Amino acid sequence: MQTSRQDVKAPAGRRDSPVRAVVLVGFMGAGKTSVGRELGRRLGWPFVDLDDRVEAREKRTIAEIFRSSGEAEFRRAEHEALRELLKEVERGRLVIAVGGGASSRLENASLLEDSFTTTIFLDASADELWKRCCADRAERPLRRDEKEFRQLYASRRPRYLEAKFHIDTAGKEVSRVASEIEVSLGLKEQPSDEER
Ligand code: S3P
């Protein structure tokens, strides 16, 4: 049976709990890993990239999983890795970056909603995301042609917009984006002059 996000409610008290973990969501090229690393450094919280966890669990790269087992198998591994990672949130603070397809899947959105995490959408235009992905040498199985990339982004965007905070990354340095997240979380008053 397909579960909708409304079907799975967070246990009483969890929704208003203090921030335990920050989860950066957004499309490929949004800068989730770079910003996550910088944010973790600033807050003194460990940074975890969900894609790295998937690769460690499966003992092969994401590209290899897609190539030899297909996307469905990758999604299964991604969901299991997220479930395990969220157990760690119960024990301490974390900054987490999830792959571009993770948060837009209902089963993962429900896990996130049911956890002590605060989701942050790192936004940019499809043009900018495509340019960043082309400039970056990382192998991305779902960055094939531009038209498909744009369609996938448009189909996922409504889900990303459900994140608690929305940060526009266009033309901003990683440090500026990390600083804006700190402000959104109430952990800092305003970005410093150098970060503007
Ligand atoms: C994916 C994005 C990738 C990675 C996998 C699938 C997606 O992560 O999880 O290739 O579905 O958009 P990044 O968003 O970090 O590139």
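Here, residue 1 is the first one in the sequence, and each next residue gets the next number. Every number for a ligand or one of its atoms is a count from 1 in the order of the listing. Everything numeric in this text was worked out from a predicted model, so none of it was measured.
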salt_bridge(Arg105, Glu78) N-O dist < 4.0 Å: no
Heavy atoms only, cut-off 4.0 Å: how does Arg75 contact ligand 1, side chain, backbone, both, or neither? side chain
Electrostatic pair Glu90:Lys87 at N-O distance under 4.0 angstrom: no
Protein heavy-atom partner closest to atom 8 (O) of ligand 1 - residue, atom, separation in Å: Asp51 OD2, 2.9 Å
Does Asp49 come within less than 4.0 Å of Arg37, counting only side-chain N to carboxylate O? no
Indicate whether any N or O donor in one side chain lies under 3.5 Å from an N or O acceptor in the other, for Arg83 and His79. yes
Using a 4.0 Å cut-off to any heavy atom of Arg156, which atoms of ligand 1 qualify? 7 (C), 11 (O), 12 (O)
Give the numbers and elements of all ligand 1 atoms closer than 4.0 Å to a heavy atom of Leu142. 7 (C), 11 (O)
Who's the nearest protein heavy-atom neighbour of atom 10 (O) of ligand 1, and how far? Pro141 CD, 3.4 Å
Suppose we measure from atom 16 (O) of ligand 1 to each protein heavy atom; which comes out shortest, and what is that distance? Arg140 NE, 2.9 Å
Hey, which atoms in ligand 1 end up nearer than 4.0 Å to a heavy atom of Gly99? 8 (O), 9 (O), 14 (O)
Protein contact to atom 2 (C) of ligand 1 [nearest heavy atom, distance to 0.1 Å]: Gly100 N, 3.4 Å
Where does the angle between the aromatic ring planes of Phe149 and Trp130 fall among parallel (under 30°), tilted (30 to 60°) and perpendicular (over 60°)? perpendicular
Quick one: do Arg57 and Glu80 make a salt bridge, cutoff under 4.0 Å? no
Output yes when Arg76 and Glu73 qualify as a salt bridge under the 4.0 Å nitrogen-oxygen rule, no when they do not. yes
Provide the number and element of each atom of ligand 1 under 4.0 Å from a heavy atom of Ile62. 5 (C), 10 (O)
